[in-house]
Amino acid sequence: MLPVRVRFAPSPTGPFHIGGARSALFNWLFARRYGGTFIVRIEDTDLERSSRESEENILAALRWLGLDWDEGVEVGGPCGPYRQTERLDLYQRYTEQLLRQKDAYRCYCTEEELAAEREALLAKGELTTGYLGRCRDLSPEDCARLEAEGRKPAIRFRVPNNDVIVVKDLVRGEVNFECSGIGDFIIVKSDGIPTYNYAVVVDDHTMSISHVIRAEEHLSNTPRQILLFNALGWKPPQFAHVSLILGKDRSKMSKRHGATAIEQYQEKGYLPGALVNFLALLGWSPGGEEEVFSLEQLKQQFSLDRVAKSPAVFDLDKLNWLNGHYIRQAPIEYVTDLAIPFLEKAGYLTTPLTPERYEWLKAVVTLAREYLGCLEDITDHVGIYFNDRVEIQEAEAREVLAESQVPAVLTALRGMVEACPELTGVEAKAMLKKVGKEVGVKGKQIFIPVRAALTGSTHGPDLNQVMAILGRDKVARRLADALANNI
RNA sequence: GGCCCCAUGGUCAAGCGGCCUAAGACACCGCCCUUUCACGGCGGUAACCCGGGUUCGAAUCCCGGUGGGGUCACCA
């Protein structure tokens with residue numbers, strides 16, 4: 001078997017899409033699983049829309065996800081350059097070959113003419129399938145005349161008439177396409193830049209790509225590419241077309257379905273490991289009952305024959321669950337560090353933090369992370385620790401505070417707290433117990449009002465820990481406020 | 001519309017002719033744990049798109065229908 005060489009070949013024309021990330025992941029996993037090479041190539045032949053900025057975004061996102069590449073932009077390699085606009089002379093060489101072989105020809109039709117032609121056919125009720133072939137058999141004299149008019153030719157590939165192209169796909173099996181349904185397509189635009197279908201073939205061959213793993217939207221392009229491979233006398237790589245990621249309404253995932261850019265998930269506080277785990281399970285399954293996998297585990301198990309053929313709906317609920325799981329499992333310092341920017345942005349915090357403050361923050365995050373689907377949500381759960389005054393969150397809290405035993409409970413507790421130099425969780429627990437004895441009430445009658453007085457809510461994390469985090473002074477003051485009916 | 005792909009619970013999915021009175025996960029519901037909420041544990045509701053074949057036997061194979069999706073650019 002040939003050495004495995006796979007590539008991820010994004011076009012840097014916008015934010016890095018979740019679907020692109022999954023393609024990248026599958027390629028990376030495949031390379032790592034079989035000891036192959038993972039290549040990143042930039043397909044920037046759309047001069048209008050491509051930008052260095054979005055190229056850098058994509059590369060940064062790849063690194064953030066933990067997907068490193070062996071060859072490609074920035075790292076170099078033996079098959080470079082890895083940006084298509086830097087390989088123009090290469091394409092030109094093969095264009096000349098195709099022209100010479102008469103597998104390609106110059107087309108002088110303008111975009112306007114083609115659009116008009118298409119419209120005319122549509123008006124007659126005939127749906128078009130590709131180019132009609134006006135310039136297919138131009139004589140050298142015709143070409144000279146057209147060029148004298150100032151027309152710049154594009155170059156089209158001459159699709160043979162009655163052939164059938166068979167795509168042997170590793171996930172879909174054999175897929176047949178009639179050439180009659182294809183129509184001569186442009187391989188070099190009139191500005192001399194190759195089109196996607198052409199550049200991809202030259203690059204995949206010259207980079208010795210063994211497997212092309214990409215989204216299903218490219219399946220119908222594949223026969224064109226195979227035609228090109230054949231005309232150039234090259235052996236096509238193996239193909240594997242992975243089904244698309246769909247939005248809730250079952251159409252291709254797009255902006256209107258919510259966040260589609262990797263960057264957005266990063267900004268909301270999703271952990272790269274969780275995202276990778278989630279994406280891997282979208283369209284691929286290891287078969288067992290386990291759902292949580294590290295990148296390391298994934299790369300040991302991944303295989304194309306367990307890739308599903310049917311499209312998958314992006315389920316945010318499941319992502320949130322998985323991400324929450326990662327947030328709860330990860331080392332507390334890691335999660336704390338990731339949470340800091342969100343807390344800063346919410347105005348709860350200013351950095352740098354003193355070591356004491358950082359330790360305190362870790363305790364806050366420890367309690368808060370139990371509730372999180374993503375880090376962004378942490379700000380909804382920490383107000384009680386940062387705010388100066390307590391705000392009643394629910395009517396029930398107010399009702400609880402109005403109960404008859406409450407003044408005695410709060411007064412007793414307040415006395416104990418004020419007499420205590422440093423309030424720890426252990427001490428808080430002991431105090432609450434003692435309050436019960438002194439006042440002669442127990443259980444809920446103590447805990448719920450104390451919680452309400454301290455946090456404005458009747459539920460929340462472990463009360464002892466909450467008290468320890470608030471500290472002696474804040475607890476004492478809040479108890480006093482509650483006693484004075486001041487909240 | 002032409003061409004192509006796909007079809008198991010609301011969602012992700014296991015299943016690759018008998019082990020299926022169909023796994024697991026998310027979501028949902030109940031119970032337990034707990035001072036409360038969450039986490040966690042236990043349990044529950046819920047699916048083979050339809051119609052024909054093939055076969056002793058079909059969720060699994062074949063054909064047709066229906067439904068969904070993709071693609072038909074001098075975008076990738």
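Lettering of chains follows the sequences in order, A, B, ..., and the numbering in each one begins at 1.
- Comparing B/rG51 with B/rG67, their C1' atoms sit 15 Å apart, to the nearest whole Å.
- Judged by Watson-Crick or G-U wobble contacts below 3.5 Å, the nucleotide B/rA38 has no partner.
- For B/rC42 and B/rC26, the P atoms lie 11 Å apart once the distance is rounded to whole Å.
- Annotation: B/rA7 and B/rC50 have their P atoms spaced 15 Å apart (nearest Å).
- Using a 4.0 Å heavy-atom distance criterion, A/Arg224 is classed as making no nucleic acid contact.
- For the pair A/Leu367 CG and B/rA38 P, the computed distance is 16 Å after rounding to whole Å.
- A/Glu217 comes within 4.0 angstrom of sugar-phosphate atoms only, judged by non-hydrogen atoms across all strands, and of no base.
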Report task. Carefully, step by step, assess A/Asp462 and A/Lys429 under the rule salt bridge (charged side-chain N to carboxylate O under 4.0 Å, His left out). Result -> CA-CA 10 Å; A/Asp462 181 79; A/Lys429 187 170 185 175; over 6 Å; no
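- Of the candidate nucleotides B/rC4, B/rC26, B/rC12, B/rC12 has the atom nearest to the side chain of A/Ala312.
- Using a 4.0 Å heavy-atom criterion, one finds that A/Glu291 contacts the bases of the nucleic acid, with or without backbone contacts as well.
- Closest to the side chain of A/Leu463, from the set B/rU35, B/rA38, B/rC75, is B/rU35.
- Residue A/Arg250 is in sugar-phosphate contact alone, with no base atom involved, counting any heavy-atom pair closer than 4.0 Å across all strands shown.
- Residue-to-nucleotide proximity on RNA chain B shows that, of A/Val175 and A/Asn464, the 5′-proximal contact is made by A/Val175.
- Here the side chain of A/Leu219 is nearest to one of B/rC5, B/rA7, B/rC74, namely B/rC5.
- Contact between the side-chain N/O atoms of A/Lys309 and the OP1/OP2 oxygens of B/rA13 is not found at any separation under 4.0 Å.
- Residue A/Asn176 is in sugar-phosphate contact alone, with no base atom involved, counting any heavy-atom pair closer than 4.0 Å across all strands shown.
- To the nearest angstrom, P of B/rC26 lies 11 Å from CG of A/Asp315.
- Dashed line: the shortest gap from a side-chain N or O of A/Lys318 to OP1 or OP2 of B/rA13 is not under 4.0 Å.
- Taking 3.5 Å as the limit, the base of B/rC3 and the side chain of A/Ser220 contain no donor-acceptor pair of atoms between them.
- Within the shown strands, B/rC29 is the pairing partner of B/rG43 under the Watson-Crick or G-U definition, both distances less than 3.5 Å.
- Residue A/Asp462 contributes atom CG, which lies 13 Å from atom P of B/rU34 at whole-angstrom precision.
- Across all strands shown, A/Gly443 has no heavy atoms under 4.0 Å from either base or sugar-phosphate atoms.
- Between the base of B/rA76 and the side chain of A/Asn221 there is a donor-acceptor pair shorter than 3.5 Å.
- Nucleotide B/rA73 has no partner under the Watson-Crick or G-U criteria, as no pair reaches both atom distances under 3.5 Å.
- Comparing B/rC75, B/rC6, B/rU35 by their nearest atom to the side chain of A/Thr195 picks out B/rC75.
- Mapped onto RNA chain B by nearest heavy atom, A/Leu282 and A/Glu178 fall at different nucleotides, with A/Glu178 at the one closer to the 5' end.
- Under a 4.0 Å N-O distance rule, the pair A/Arg87/A/Asp44 does not qualify as a salt bridge.
- Checked against B/rA76, B/rA38, B/rG70, the side chain of A/Leu244 finds its nearest nucleotide in B/rG70.
- Note that A/Arg306 lies outside the cation-pi zone of A/Phe302, set by a 6.0 Å cut-off to the ring centre and a 45° limit from the axis.
- Between the C1' atoms of B/rG40 and B/rA76, the separation comes to 47 Å (whole Å).
- The interatomic distance linking A/Leu401 (CG) with B/rU36 (P) rounds to 18 Å, in whole Å.
- Base pairing of B/rU55 is not made with any nucleotide, judged by Watson-Crick or G-U wobble geometry with both donor-acceptor distances under 3.5 Å.
- Residue contacts shown for A/Cys109 include a base, since a base heavy atom lies under 4.0 Å away.
- Heavy atoms of A/Ser285 sit under 4.0 angstrom from primed sugar atoms or phosphate atoms, though from no base atom.
- Contact between the side-chain N/O atoms of A/Ser243 and the OP1/OP2 oxygens of B/rG70 is not found at any separation under 4.0 Å.
- The base-pairing partner of B/rG64, taking Watson-Crick or G-U wobble contacts with both distances under 3.5 Å, is B/rC50.
- Comparing B/rG44 with B/rG18, their P atoms are spaced 26 Å from each other, to the whole Å.
- By the 4.0 Å N-to-carboxylate-O rule, A/Arg134 lies too far from A/Glu113 to be salt-bridged with it.
- Base pairing of B/rG24 is made with B/rC12, judged by Watson-Crick or G-U wobble geometry with both donor-acceptor distances under 3.5 Å.
- Among the protein residues, A/His241 comes within range of no part of the nucleic acid, since none of its heavy atoms lies under 4.0 Å from any strand.
- Within the 4.5 Å cutoff, the side chain of A/Gln445 has no heavy atoms near those of the A/Ser404 side chain.
- Regarding A/Glu117, its CD atom lies at a distance of 12 Å from the P atom of B/rA73, rounded to whole Å.
- Protein atom CG of A/Leu246 is 11 Å distant from nucleotide atom P of B/rU11, rounded to whole Å.
- Side-chain rings of A/Phe278 and A/Phe314 approach one another, their centers coming within less than 6.0 Å.
- Remark: C1' of B/rU11 and NE2 of A/His257 are 15 Å apart, rounded to the nearest angstrom.
- Salt bridge absent: A/Arg106 and A/Asp142 never bring a charged side-chain N and a carboxylate O closer than 4.0 Å.
- At a threshold of 4.0 angstrom between heavy atoms, the contacts of A/Ile186 include nucleobase atoms, whether or not backbone atoms are also involved.
- Ring centroid separation for the pair A/Phe26 and A/His211 does not come in under the 6.0 Å cut-off.
- Close to B/rU35, at under 4.0 Å from its OP1 or OP2, lies no side-chain N or O of A/Lys429.
- Interface remark: the A/Tyr371 side chain does form a donor-acceptor pair with the B/rC37 base, using a distance-only criterion of under 3.5 Å.
- Look at A/Arg7 and A/Asp203 and you find no salt bridge, because none of the NZ, NE, NH1 or NH2 atoms lies under 4.0 Å from a carboxylate O.
- Here the straight-line distance linking atom CG of A/Asn323 with atom CG of A/Leu375 works out to 7.5 Å at 0.5 Å rounding.
- If you check every strand for non-hydrogen atoms under 4.0 Å, A/Gly324 touches nothing.
- The side chain of A/Glu289 approaches B/rA23 more closely than any other nucleotide in the set B/rA23, B/rC6, B/rG70.
- A/Trp321 places its CH2 atom 16 Å from the C1' atom of B/rC28, with the value rounded to the nearest Å.
- Using a 4.0 Å heavy-atom criterion, one finds that A/Lys248 contacts no nucleic acid atom at all.
- For A/Glu111, the listed nucleotide lying nearest its side chain is B/rC74; candidates were B/rU36, B/rC26, B/rC74.
- Counting any heavy atom pair closer than 4.0 Å across all strands shown, A/Ser457 reaches no nucleic acid atom.
- When distances run from any side-chain atom of A/Thr45 to the nucleotides B/rG15, B/rA73, B/rA76, the shortest one goes to B/rA76.
- Comparing B/rC75, B/rC3, B/rU36 by their closest approach to the side chain of A/Arg451 singles out B/rU36.
- No contact: A/Phe185 has no heavy atom under 4.0 Å from any strand.
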